[in-house]
Amino acid sequence: MSLVDIRGLGVKAGGRQILHDVTFRMDPGEIVTVVGPNGSGKSTLLRCIVGAVRPQSGSVKLKPGLRIGYVPQKLHIDPTLPITARRFLGLPHPVADDAAQQALDASGAGHLGGHQMADLSGGQFQRVLLARALLTRPDLLILDEATQGMDQPGSAEFYRQIEKVRAELGCAVLMVSHELHVVMAASDRVVCLNGHVCCEGAPEHVASAPEYRALFGTGTQGALALYRHEHTHSHDHDHSHGHDHAHDHDHGHKHGHEHAN
Ligand SMILES: Nc1ncnc2c1ncn2[C@@H]1O[C@H](COP(=O)(O)OP(=O)(O)OP(=O)(O)O)[C@@H](O)[C@H]1O
């Protein structure tokens, strides 16, 4: 059974039709990225899934008992408030030490538990937010532009972590991003949204679709090459996670042969 089954979704807000006739499905374990220009309704679609927005038309069906983990775009924490990453994970609900450590480990933040939240870099901070979203052992992880403010290598590194999370925990992942060229290698499927679904499919298919090019142009090949190049070599210099290689077979077919020069 699908995790999410949305049909004919229509959302109006502020007298405007924000989404119309959106049909969207997510299956267990897949990584889906929603791309689209500013104001195209990406966040609204996610908010319909988490139940924060009520559609005017269509249906949103979630698998009964579906557990969702949510990583927001940004979370503001008062920089004068002293709080470690470990304590942050225990808010508002206390978490056992081993569960907290497991979530941090899975997020590539295993060493950050004792660090002050205010001292973390953008990428480290988002990893702690990711750890918090994993505490509920979600079937579906939702990320709303979780790499905003990171540079491209930082974003690419973050998305690689998301792939590891999927491989280790088996959850499906739904993300919104402006950076198709950075996320596409980490995605099984890309949905291009502009009030409605313009085009969708495998990342390469969407990147070359006329609808996508009309919205985003074609000037992203360099960044895509950068991502692939780094991805192919990432395991060579990352010795901190002994389990990396166990999952190479899951994704090797996607990346192993794609050396960019
Ligand atoms: N509650 C609301 N009331 C009025 N307008 C709204 C409301 N929620 C969203 N909108 C408008 O709907 C449009 C789509 O918003 P949404 O946040 O879903 O877009 P987005 O694709 O996520 O944009 P961005 O890339 O800028 O984050 C925007 O023009 C926004 O101003």
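Remember, it's 1-based here, ligands and their atoms both numbered in the order they're listed. Side-chain atoms are counted along with the backbone in the values below, which use heavy atoms only and exclude waters and symmetry mates. Fair warning: this is a prediction, and the values are worked out from it, not measured in the lab.
- Listed by first then second residue, pairs satisfying ring pair (Phe, Tyr, Trp, His ring centres under 6.0 Å) with a partner in residues 115-146 number zero, not counting sequence neighbours.
- Using a 4.0 Å cut-off between charged side-chain N and carboxylate O, R166 and D188 make a salt bridge.
- With respect to R160 and E157, a salt bridge is recorded, a charged nitrogen being found less than 4.0 Å from a carboxylate O.
- Salt bridge D5/R25: absent, no basic N to carboxylate O contact under 4.0 Å.
- The side chain to side chain contact (heavy atoms under 4.5 Å, CB included) test with K42 is passed by exactly one of V191, N194, V176, V35: V176.
- Side-chain atoms of D98 and Q102 include no donor-acceptor pair closer than 3.5 Å.
- Residue-level contacts of ligand 1 at the 4.0 Å heavy-atom threshold are A13, G14, R16, I18, P37, N38, G39, S40, G41, K42, S43, T44, E145, H178.
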